[in-house]
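The block underneath contains the structure these notes are about, expressed in structure tokens.
As the structure lists them, so they are numbered: ligands from 1, and atoms in each ligand from 1. Only heavy atoms go into these numbers, but all of them, side chains included; no hydrogens, no water, no symmetry mates.
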Amino acid sequence: AKDLGRANFQFFSSELNARLQERMALEAALRCALRSDGIRVEYQPIVDLCTGRAVGVEALARWTDRHLGVVTPDRFIRVAEECGLISDLGRRILQLACRDLSHWLAAGRTAMQISVNVSVRQFREADLIEQVSAALELAQLPPELLCLEITESVMLQDTQANETTLRRLKELGVSLAMDDFGTGYSSLSYLKRLPFDKVKIDRSFVRDLAVDPGDAALVRSIISMAHDLGIAVVAEGVETVEQCRFLKRHGCDLIQGYLFSKPLPADAIETLDAEGRCL
Ligand code: C2E
Ligand code: CA
Ligand code: CA
Ligand code: CA
């Protein structure tokens, strides 16, 4: 039994060791990517359900490492948060997104809004407000063309501090979206109190919309409640015509998903046909 215990321990510690090494390699590669412009951004169109036109895009970070290959944003954002690189990474993504938007505008594209994700730790950084205003200034963008997406789970803690940060961002003139709505179990009363302009219904509720009566009911009530509060609704992860029809019928304002377009490189957005398809 003693030997078995030791074997187990050795197995466990080598497993742990391997994971730790992988984490450290990822962290080192991420530092390197930040120094060498290795982080890119792609943009997914956000479409107005009334007109069928792309009225905005969401910036989504992309990273392909020479040795590690493609690392998904879920993964490298988490690592960046854990090792203190999120501030640098967040600032970089914000700058790239603002720069790309100002290029599209200079090239004659009609004004569209750009949405940038703010992670949990980034939202709590002391210099978030400065980061945002510096990025707007650098790209010479009107603040109302920038929307910050903050996940609902951020609102579960520290409500007083959150409220202050959100108000200060509103004072800058940027727009605010509550991301992944429906997953965080937060009270709907937050929406009434906090200065959000949009909610984004999480993909997990959109997926089975056409077949699951529970999800359908939930989505309908999010839409009507948000509208009563004067908040616009975006549905994420829209992949089928059925989902799209349901959302349109129930008054959803905007959709985002593979049905219209996958995330695209910046130059594809510049020339993107603003006319909708499939709607
Ligand atoms: P999110 O903010 O909820 O972003 C939407 C995710 O859904 C994106 O995944 C997008 O590619 C994917 N998606 C969009 N339409 C569809 C669809 O029709 N079907 C399916 N199956 N998926 C769809 P992605 O790019 O892998 O990003 C995953 C998450 O990583 C994001 O979720 C966000 O939380 C985080 N993330 C990505 N970029 C950034 C960033 O620049 N900063 C921060 N803080 N987080 C980011
Ligand atoms: Ca988002
Ligand atoms: Ca989301
Ligand atoms: Ca999500």
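Considering every non-hydrogen atom in both Ala61 and Ile93, the closest pair reads CB-CD1, 3.7 Å. Residues Leu148 and Leu169 come closest through the heavy atom pair CD1-CD2, 3.8 Å.
The side chain of Arg203, and not its backbone, has at least one atom closer than 4.0 Å to an atom of ligand 1 (non-hydrogen atoms only; side chain from C-beta on). Contact annotation for Asn117 and ligand 1: heavy atoms of both the backbone and the side chain come within less than 4.0 Å of the ligand. Residue contacts with ligand 1, taken as heavy atom pairs separated by less than 4.0 Å, do not involve Arg121 at all.
To the nearest 0.5 angstrom, Glu149 atom CD is 3.5 Å from Lys200 atom NZ.
Annotation for ligand 1: atoms under 4.0 Å from non-hydrogen atoms of Gly257 are 15 (N), 18 (O). Within the listing of ligand 1, atoms 11 (O) sit less than 4.0 angstrom from a heavy atom of Pro263. For ligand 1, the atoms lying closer than 4.0 Å to a non-hydrogen atom of Glu239 are 17 (C), 18 (O), 19 (N), 20 (C), 21 (N). Ligand-side atoms of ligand 1 in range of Ser119: 44 (N), range being under 4.0 angstrom from any heavy atom. Which parts of ligand 1 touch Gln44 is read off a 4.0 Å heavy-atom cut-off, strictly below it: atoms 14 (C), 15 (N). Of all atoms in ligand 1, listed by their number and element, those nearer than 4.0 Å to a heavy atom of Glu58 are 2 (O), 4 (O). Which parts of ligand 1 touch Asp179 is read off a 4.0 Å heavy-atom cut-off, strictly below it: atoms 2 (O). Shown in contact with Glu236 at under 4.0 Å from a heavy atom are these atoms of ligand 1, numbered in order with element: 3 (O).
Closest to atom 22 (N) of ligand 1 by heavy atom, among Phe76, Phe123, Tyr258, Trp63, is Tyr258. Residue nearest to atom 34 (O) of ligand 1, selected from Thr72, Asp74, Leu60: Asp74 (by heavy-atom distance). Compare Val238, Leu259, Asp180, Thr240 by their heavy atoms: the one nearest to atom 3 (O) of ligand 1 is in Asp180.
Using a cutoff of 4.0 Å between basic side-chain nitrogens and carboxylate oxygens, Asp88 and Arg31 are not scored as salt-bridged. Classification of Arg121 and Glu125 as a salt-bridged pair fails, no side-chain N sitting under 4.0 Å from a carboxylate O.
A donor atom on one side chain and an acceptor atom on the other are found under 3.5 Å apart for Asp202 and Ser204.
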Problem - CA sep, side-chain torsions, deciding dist, call: Leu259, Gln243, side-chain contact (heavy atoms from CB on, under 4.5 Å) - result: CA-CA 10 Å; Leu259 176 66; Gln243 292 163 343; over 6 Å; no
Exercise for the section: With salt bridge (charged side-chain N to carboxylate O under 4.0 Å, His left out) as the test, would you mind laying out the steps for Asp197 and Lys170 before giving the verdict? Expected result: CA-CA 10 Å; Asp197 304 281; Lys170 268 326 288 180; 2.8 Å; yes
Handout entry: Evaluation steps, salt bridge (charged side-chain N to carboxylate O under 4.0 Å, His left out), between Arg75 and Glu22
Key = CA-CA 12 Å; Arg75 184 126 178 274; Glu22 190 195 313; 2.5 Å; yes
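Within 6.0 Å of atom CZ in Arg168, 12 or fewer heavy atoms from other residues, nucleotides or ligands are found, so the atom counts as exposed in its surroundings. By the neighbour-count criterion of 12 heavy atoms within 6.0 Å, atom CD of Glu137 is sparsely surrounded, having that number or fewer from other residues, nucleotides or ligands.
Within the 3.0 Å limit, Thr151 places no N, O or S atom next to the Ca ion (ligand 2). One of the N, O or S atoms belonging to Glu149 lies under 3.0 Å away from the Ca ion (ligand 2). Taking 3.0 Å as the threshold, Asp179 counts as a candidate ligand of the Ca ion (ligand 2), since one of its N, O or S atoms lies below it.
Annotation: Ala61 places an N or O atom under 3.5 Å from an N or O atom of ligand 1; distance criterion only.
Around the Ca ion (ligand 2), the angle linking Asn117 (OD1) with Glu58 (OE2) is 80°, rounded to 10 degrees.
For the pair Trp104 and Tyr43, the minimum side-chain heavy-atom distance is below 4.5 Å.
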